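Scope of the values below: all heavy atoms of this structure, side chains included, with no hydrogens, waters or symmetry mates. Order of the sequence lines sets the chain letters (A, B, ...), proteins ahead of strands, with each chain counted from 1. Nothing here was measured: the structure is a model prediction, and the numbers come from that model.
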Protein chains: 2
Amino acid sequence: MLTIGKLGQAAGVKVPTVRYYEQIGLLPEPERSTGNQRLYPRAALDRLAFIRHARELGFPLEAIRDLLSLSDKPDQPCTAADAIAKAQLQAVRARLSRLKALEMELERMVTQCAHGAISDCRVIEVLGDHGQCAHPHHDSAGEP
Amino acid sequence: MLTIGKLGQAAGVKVPTVRYYEQIGLLPEPERSTGNQRLYPRAALDRLAFIRHARELGFPLEAIRDLLSLSDKPDQPCTAADAIAKAQLQAVRARLSRLKALEMELERMVTQCAHGAISDCRVIEVLGDHGQCAHPHHDSAGEP
DNA sequence: CCTTGAACCTATAGTTGCTAGAGACATTAG
DNA sequence: CTAATGTCTCTAGCAACTATAGGTTCAAGG
């Protein structure tokens, strides 16, 4: 049996985060010691590592919830898991192309900066004047 | 003078967001009509467009606050503005390289999926077993 | 046995950048 | 004049944690 600290360390997840995952129902409530401290079996480590790895890949917790419930039914076809992963890949690619555009514009801003007075600063100028920039501005916020 | 709706529309920012920017001090409190509605001068549009554009480039609001206060002092050197933009460029590049790694791993997961049962699913398997994946896992969360 | 210090407990609030809702007042078009 | 928008304030909610406060339990050393 592992205490929450050992579990967190083994999985690379901070202790408050483990408790948070329990609170939102991603991890089942473990047994408690006589002194009311959480005690986890080995299996909890697998589950937590799964969550952590999926989070590292950028899956939102809701998707992870679905993936976990899928992994509990090994006999079903994996179409759903595949779909979730594909959606995540799409989302990542969308962010990538957006970030590349941002990178180009920031690069332009920074390299064109003459390091003079604010009044001549390309950085401020480009930010203030939409017309000066190349990128499309299709959507609203900086990053989804 | 513009009402908040016109202003928002002209700058491409939603009305509650404009009020939010006012609340956190990014936009000054405007005059009010006799009926207590906000009335903005043209200059407010420039400022709001500046904010919006900077947000689109992913600048955090705190950085925008700094950039705005810089743009109010046109005689100072633009070193600070330059530094903020460079930091943002760095942040964007860091996210780019991270996202590229994620893309590769997700791609691998998805293309290797044999579309059979969950028990044979590469997606689930790779998520569950750290050792199967190529990417480094240096930092903790999916995206900063 | 006692004490110390680390690890644990609960509960609450804060973070970022908005967005949504409720319920009331203002403005404007027909 | 009325109906339809638009606007007002205030509160609460989203993701996914992180931090803080104030208390309890555990493991080791003396």
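Of the possible donor and acceptor atoms, one in the side chain of A/Gln88 sits under 3.5 Å from a partner among the backbone N and O of A/Leu57. In terms of modelled atom types and a separation under 3.5 Å, the side chain of A/Thr111 and the main chain of A/Glu107 share a donor-acceptor contact.
In the set D/dC8, D/dC17, C/dT19, the nucleotide with an atom closest to the side chain of B/Arg38 is D/dC8. Of the candidates C/dC18, C/dC9, D/dC17, the closest approach to any side-chain atom of B/Arg55 belongs to C/dC18. Comparing D/dC8, C/dT19, D/dA16 by their closest approach to the side chain of A/Leu61 singles out D/dA16. Nearest to the side-chain atoms of B/Ile4 among the listed nucleotides D/dT7, D/dT9, C/dT19 stands D/dT7. The nucleotide whose nearest atom lies closest to any side-chain atom of B/Pro60 is, among C/dG17, C/dC9, D/dC8, C/dG17.
Rounded to whole Å, atom P of D/dT18 lies 10 Å from atom OH of A/Tyr20.
With A/Arg122 as the partner, the side-chain contact (heavy atoms from CB on, under 4.5 Å) test is satisfied by one option alone out of A/Asp120, A/Ile124, A/Val126: A/Val126.
Salt bridge absent: A/Asp46 and A/Arg42 never bring a charged side-chain N and a carboxylate O closer than 4.0 Å.
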Dump every N/O contact between nucleotides 24-26 of chain D and the protein below 3.5 Å, one line per pair.
{"unit_1": "D/dC26", "atom_1": "OP1", "unit_2": "A/Ser33", "atom_2": "OG", "d": "3.4"}
{"unit_1": "D/dC26", "atom_1": "OP1", "unit_2": "A/Gly35", "atom_2": "N", "d": "3.2"}

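Within a 6.0 Å sphere centred on NZ of B/Lys6, other residues, nucleotides and ligands contribute 12 heavy atoms or fewer.
As judged by a 4.0 angstrom heavy-atom cut-off over every strand, B/Tyr21 is placed among residues touching the sugar-phosphate backbone only.
Between A/Arg19 and C/dT10 there is no side-chain polar atom (N or O) within less than 4.0 angstrom of OP1 or OP2. Distances shown here put every side-chain N or O of B/Thr17 at or beyond 4.0 Å from the OP1 or OP2 atom of C/dC18.
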Tell me, with the steps shown, if A/Thr79 and B/His115 meet side chain to side chain contact (heavy atoms under 4.5 Å, CB included). CA-CA 6 Å; A/Thr79 333; B/His115 307 283; 5.9 Å; no
